[in-house]
Amino acid sequence: MKDYFRMINLGRRNLHYLIWGTACMLVSTAFNGLQVGAIVPLADRILNNKPVVLPAGMPSFVTQFITQVNALDRNTLFYGLIFAVPVFALLQGIFLFLQNYFMNAMAQKSVTDVRTMVFRKYQDLSLDFYSHKRQGELMARITNDTPLIGYAISSGLSDLIFQSFQVVMFTIIACMISWKTVVFILIVFPINGAIIYIVGRTIKKQSRNSQEAMADLYAVLAETNHGVSIVKAFSREEHEMERFEETNWRYYKATMKGLCRNMALSPVTTVLMSVAIAAVFWMGGRHVMEGKMSFGIFAFFLMSLISIYRPFNKLTAVYGINQQSMAAAKRIFDVLDWKPKIFDAPDATACVAPKKAIRFDKVFFKYNKKEERQVINGFTHDFEIGKTTALVGPTGCGKTTVMNMVLRFYDPDQGSIFFDGQNIKEVMTGSLRQHIGLVTQEMILFHGTIRDNLRYGKLDATDSELYEAARQALALEFIERMPLGWDTTIGDRGFKLSGGQKQRLCIARAIVKNPKILLLDEATSALDAESEFFVQQALDNLMKDRTVIVIAHRLSTIRHAQCILVMEEGNIIQKGVHDDLMKTSDLYAKLASYHFNQ
């Protein structure tokens, strides 16, 4: 119940819809009762021309009402019912529509809110979260799991309230007519409840398996679409097809198991309730034959019991729906409950751009706390403001991690990082990153126009700023050759552009942001010689008058660096400029001969 109420609580912002929907359910239930009750005067007074006979012990207000019904003229009652029943049905239909509207509005707005909550949580979480999750899983949380919560509200919660009203109203009516008979058949409900509970537990487990299989399906789809060029280049279409079919079949089997368990609830309830109805025929039929109850009252009693059975049968289906939805909610709660490792301190202040140095003071860090190897191992250095510092070293020595820590994607396990003596843990992360620009070897662009992509780091950038940034990044020429110029849509991840064009747009985007600190992570490593020539010129323009930390495997990128840090196993083993290091550092000389074509 705790999990269920937490799931329903996700829709608390839309509580007013629930209130209006519940009010409509009450009115709709009352009109339903009036329609069923019309069977009494129809069967006794109109069709049989006999008075309505109530069983002993009925409340006085019911007895007085039936006395008035018996006193009415038969024809008057007949024409009155002909008019009243359609009116009751119309009014019930109106309020039934309204209750469904309000409950579905609550459900859809709740789904919208939950999607927003999950997506916002994705933005708040630090990079360590994404290292544990596949993209397909994250997509499935929003696209597949959140609608199940909406279903639990629109169908589950709606039926839970509405059908409960029906059960309560018709149970009261049945008890007023013959409470002994009702008590007798109540023995069915504990048996039915036990079966529902046992089957329901397996439904929840199976539903979770089904949702995990769906997440696997999303993951395969996302990976294959993302790497479509590699799939085709290696002629692995059939392999990916087999992988998709296997995952799709696993999802089918998991879903069918859950559906079969859910469908089993209704026949079990039907059989047990049929036994109860048979008992009613035996007990109530004797009263009619003995004259203790008129046929109309018995018919009303029987229809009331049937009207209990129908909503109760729906309530068993609601239980199955809720088990499926709670499995989905649990997966969403796993995301919402994840604690980000990077967060602002309560007293965090705005970050001021450093004017002296960015200092790493005895920094230690490892991604997996269970591993013994340190990725960053006692790293200490002052990155001087206004100068270019290059990080060089073998793969896995911690170069990219140093950059990630400047951006505060990760915090040190030990040691501290300072901007002019201020620990970056004490400033607001957003304001810290406002001073930093990033250009990586992975050229990340978004589906949209060239103009939209260049404005990504500064949404209020003017057209003249975009023009100047494109000119400095040597991107202006190819932009103006595009069919729609600045309004050309570049496709998913810049699919319509060459590698050099994409990288120059990334550089132009960084220029538009105009950061004080620039991080370049192997920005030319994936380019051909011609593209590298243009991109290097663009980088030279970008690096002017900025504090630059650069990672490179090519000499052209770092030959003008004022300081080069030679790294190995997460620490600095030597520092200096290119010419000096070629003479004094065996590791640097070897890297230069391998990577710098020196």
Side-chain angles (χ1 to χ4, degrees), residues 120-131 338-369 374-391 393 397-440 444 456-458 509-510 513-521 542-543 545-551 561-563 565 567 570-572 575:
R120 183 176 294 280
K121 186 69 175 186
Y122 285 165
Q123 309 314 305
D124 292 340
L125 289 168
S126 42
L127 291 188
D128 69 293
F129 170 79
Y130 293 92
S131 66
W338 192 288
K339 302 296 183 184
K341 295 184 178 179
I342 305 299
F343 54 89
D344 290 343
D347 56 348
T349 58
C351 178
V352 178
K355 298 180 180 179
K356 297 178 181 178
I358 300 170
R359 177 171 177 75
F360 278 64
D361 185 19
K362 299 177 182 177
V363 170
F364 292 82
F365 176 78
K366 54 186 175 182
Y367 291 101
N368 190 339
K369 307 311 175 188
Q374 296 282 351
V375 178
I376 301 296
N377 190 18
F379 189 97
T380 299
H381 181 70
D382 287 352
F383 294 92
E384 294 186 49
I385 298 304
K387 294 187 177 181
T388 297
T389 303
L391 305 179
C397 69
K399 305 184 295 293
T400 300
T401 304
V402 169
M403 282 194 174
N404 287 338
M405 298 182 84
V406 174
L407 281 159
R408 209 189 167 203
F409 288 163
Y410 302 95
D411 278 338
D413 297 330
Q414 298 178 45
S416 301
I417 303 172
F418 300 94
F419 276 24
D420 285 352
Q422 186 176 27
N423 193 320
I424 63 173
K425 289 185 179 181
E426 298 173 356
V427 302
M428 291 181 285
T429 306
S431 67
L432 167 76
R433 293 171 184 166
Q434 285 295 320
H435 300 301
I436 304 173
L438 176 66
V439 180
T440 66
I444 299 175
Y456 196 77
K458 187 181 179 183
R509 179 174 62 193
K513 186 179 180 182
N514 193 24
K516 302 295 183 183
I517 303 163
L518 181 63
L519 307 180
L520 302 177
D521 187 355
L542 175 61
M543 294 163 67
D545 304 320
R546 288 186 172 90
T547 304
V548 182
I549 303 174
V550 57
I551 297 172
Q562 285 96 343
C563 179
L565 306 183
M567 295 182 62
N571 208 346
I572 303 168
K575 36 175 108 166

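As the structure is a prediction and not an experimental result, all values here were calculated from the model.
Taking the side-chain contact (heavy atoms from CB on, under 4.5 Å) definition, one finds that Pro412 meets it with Val363, Met405, Ile417, Lys425, sequence neighbours left out. Applying the salt bridge (charged side-chain N to carboxylate O under 4.0 Å, His left out) rule to Lys387 yields the partners Glu384; only residues at least two apart in sequence or on another chain are considered. Not a single side chain to side chain donor-acceptor pair (under 3.5 Å) links Asp124 to another residue, sequence neighbours left out. The salt bridge (charged side-chain N to carboxylate O under 4.0 Å, His left out) check on Asp420 picks up nothing, with sequence neighbours excluded. Partners of Phe418 by ring-ring contact (aromatic ring centres under 6.0 Å, His included), not counting sequence neighbours: none found. Scored by the side-chain contact (heavy atoms from CB on, under 4.5 Å) test, Asn404 finds Tyr367, Thr400, Phe409, Tyr410 as partners (sequence neighbours excluded). In this view, His435 satisfies the ring-ring contact (aromatic ring centres under 6.0 Å, His included) rule with no residue, not counting sequence neighbours. Every residue meeting the salt bridge (charged side-chain N to carboxylate O under 4.0 Å, His left out) condition with Arg359, not counting sequence neighbours, appears here in chain and number order: Asp361, Asp382. Residues meeting the side-chain contact (heavy atoms from CB on, under 4.5 Å) test with Gln434, sequence neighbours left out: none. Residues satisfying the salt bridge (charged side-chain N to carboxylate O under 4.0 Å, His left out) test with Lys458, not counting sequence neighbours, are Glu465.
The aromatic rings of Phe383 and Phe379 lie parallel to each other, with less than 30° between the two planes, well short of the 60° mark.
Closest approach of Pro354 to Phe419, counting heavy atoms only: CD-CD2, 3.5 Å. In this structure, Pro515 and Ala510 approach most closely via the heavy-atom pair CD-O, 3.1 Å.
For the pair Ile385 and Ile358, the minimum side-chain heavy-atom distance is below 4.5 Å. Contact of the Val402 side chain with the Met567 side chain is registered, since non-hydrogen atoms from C-beta on lie closer than 4.5 Å. A 4.5 Å side-chain heavy-atom check between Phe360 and Ile572 finds every atom pair outside the cut-off.
Pairs of residues two or more places apart, or lying in two chains, never qualify as salt bridge (charged side-chain N to carboxylate O under 4.0 Å, His left out) while including a residue from residues 431-440. Residue pairs meeting the salt bridge (charged side-chain N to carboxylate O under 4.0 Å, His left out) criterion with at least one member in residues 403-413, sequence neighbours excluded: Lys369-Asp413, Arg408-Asp411.
Taking CG from Leu438 and CD1 from Ile549, the interatomic distance works out to 11.0 Å, rounded to the nearest 0.5 Å. Rounded to the nearest 0.5 angstrom, Thr401 OG1 and Ile376 CD1 are separated by 5.0 Å. Distance CZ/Arg546 to CD1/Ile517: 11.5 Å, rounded to 0.5 Å. Taking CG from Leu125 and CD1 from Ile342, the interatomic distance works out to 11.5 Å, rounded to the nearest 0.5 Å. Leu391 contributes atom CG, which lies 5.5 Å from atom CE of Met403 (distance to the nearest 0.5 angstrom). Here the CG-CD distance, from Asp344 to Glu426, works out to 12.0 Å after rounding to the nearest 0.5 Å.
By the neighbour-count criterion of 12 heavy atoms within 6.0 Å, atom NZ of Lys516 is sparsely surrounded, having that number or fewer from other residues, nucleotides or ligands. For Tyr456, the OH atom is loosely surrounded, since the number of other residues' heavy atoms within 6.0 Å does not exceed 12.
Put simply, the residue from Val439, Asp521, Leu520 that forms a side-chain contact (heavy atoms from CB on, under 4.5 Å) with Val550 is Leu520.
Between the Lys399 side chain and the Gly393 main chain, a donor and an acceptor come within less than 3.5 Å of each other. A donor-acceptor contact shorter than 3.5 Å links the side chain of Thr380 to the backbone of Lys362.
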